[in-house]
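Before any comments, here is the structure.
Below, chain A is the first sequence line, B the second, and so on; all start at residue 1.
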Amino acid sequence: MDELLLIASIALLAAGQVLQKRGAVRHLAAGRGVRHWLRALSSPEIGGAIACLALGTTAWLAVLYRMDVSKAFPILSAGSILVLAASRFLLGEHVSARRWGGALLIAIGVALVAAS
Amino acid sequence: MSGGTRGVALAALAASIVLSAAGQLGMKLGMRELHAIGGAHVAAADWAAAVPAASWTGLGLASYVASLLAWLLVLARYPLSYAYPLLGLSYVLVYVCATRWPVFGESATPLRTFGTLLVVAGVVLVSTTRADRTGGASPH
């Protein structure tokens, strides 16, 4: 249950980031006037991002109810690996070897904290 | 960048790091309070008992939102590659505060400490953009 909530929280918060980026690129790239902002805010991407962030934060509170914050918070950084992978495979961004190296360090760190 | 705006940006960066850590610690305190009062009071609609839990959680969430706003100020002035690695400091702050302040009742273990340090190093590597032309978001 703890693990499930933690994974849900990490995945939802990471999905929120990716959706924000998609929404910003699709609806704010053409211009940043009021009209563009309104279109962005009412888009499925930004709506989905807000829903993901709200649900992810709720799940995160449930995690903190059950788990040490000194354990849960470092594990939350696994979300940045998900965001990195999504940047590469969903958004088609270039990801340098240096960043993949950082992701590997985070993964090892998260595994150690999770085992503690 | 003039001395004045640099001061503002540095203050915003420090505020963002500290508020982000404070947000996590506040939310944790709120959940600790909630854990302590258990479900019985809530079932009896004894809302007064839930005030400390709700207050800490609310403060934590407010602090978290404030850290995001401070972060926007930072991004308006610093390149992401310069500012973002410093956010790794919030992991250190949360860890030290949670394990040092008795109110949290958490203790540091060598494994958890080492793992957290690896996470911080990883966050710094992921967020710096040296030799990575397309990486990171420019502020404008």
Original post:
More than 12 heavy atoms of other residues, nucleotides or ligands under 6.0 Å from CZ of B/Arg100: is that the case?
Top reply: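 No, not enclosed.
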**OP:** Write down the atom of A/Gly102, the atom of B/Val126, and the distance for their closest heavy-atom approach.
**Re:** C-CG2, 3.5 Å
Original post:
Which heavy atom of A/Ser77 sits nearest a heavy atom of B/Val119, and at what distance?
Top reply: OG-CG1, 3.2 Å
Subject >> Best-contacting candidate, A/Ser70, A/Ala62, A/Gly101, against chain B by heavy atom pairs under 4.5 angstrom >> reply: A/Ser70
Subject >> With sequence neighbours excluded, residues passing ring pair (Phe, Tyr, Trp, His ring centres under 6.0 Å) with B/Tyr91 >> reply: A/Phe73
Checking [X] against chain B: side chain, backbone, both or neither under 4.5 Å from a heavy atom?
| X | result |
| --- | --- |
| A/Trp100 | neither |
| A/Thr57 | side chain |
| A/Ser80 | neither |
| A/Leu61 | both |

Quick one: what part of [X] sits under 4.5 Å from any heavy atom of chain A, side chain, backbone, both or neither?
| X | value |
| --- | --- |
| B/Val94 | side chain |
| B/Leu117 | neither |
| B/Arg32 | neither |

Subject >> Basic-acidic side-chain contact under 4.0 Å: A/Arg26, A/Glu45 >> reply: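 A salt bridge is present here (some side-chain N lies under 4.0 Å from a carboxylate O).
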Subject >> Per-residue contacts, residues 21-31 of chain B versus chain A, heavy atoms under 4.5 Å >> reply: B/Gln24, B/Leu25, B/Met27, B/Lys28, B/Met31
Subject >> Pairwise side-chain contact, B/Val92 with B/Val120, heavy-atom cut-off 4.5 Å (strictly under) >> reply: yes
**OP:** Enter the distance from A/Leu82:CG to A/Ile10:CD1 here, rounded to the nearest 0.5 Å.
**Re:**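 Taking CG in A/Leu82 and CD1 in A/Ile10, the distance rounds to 7.5 Å.
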Subject >> Option that, when pairs with chain A are counted at under 4.5 Å, heavy atom only, ranks first among B/Phe104, B/Phe114, B/Tyr95 >> reply: B/Tyr95
Original post:
Do you know which of B/Thr116, B/Thr113, B/Leu111 has the most heavy-atom pairs with chain A at a distance under 4.5 angstrom?
Top reply: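 Going by pairs under 4.5 Å, I would pick B/Leu111.
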**OP:** Check the pair A/Leu53, A/Gln20 against side chain to side chain contact (heavy atoms under 4.5 Å, CB included), reporting the backbone distance first and the verdict last.
**Re:** CA-CA 10 Å; A/Leu53 293 176; A/Gln20 274 182 68; 3.5 Å; yes
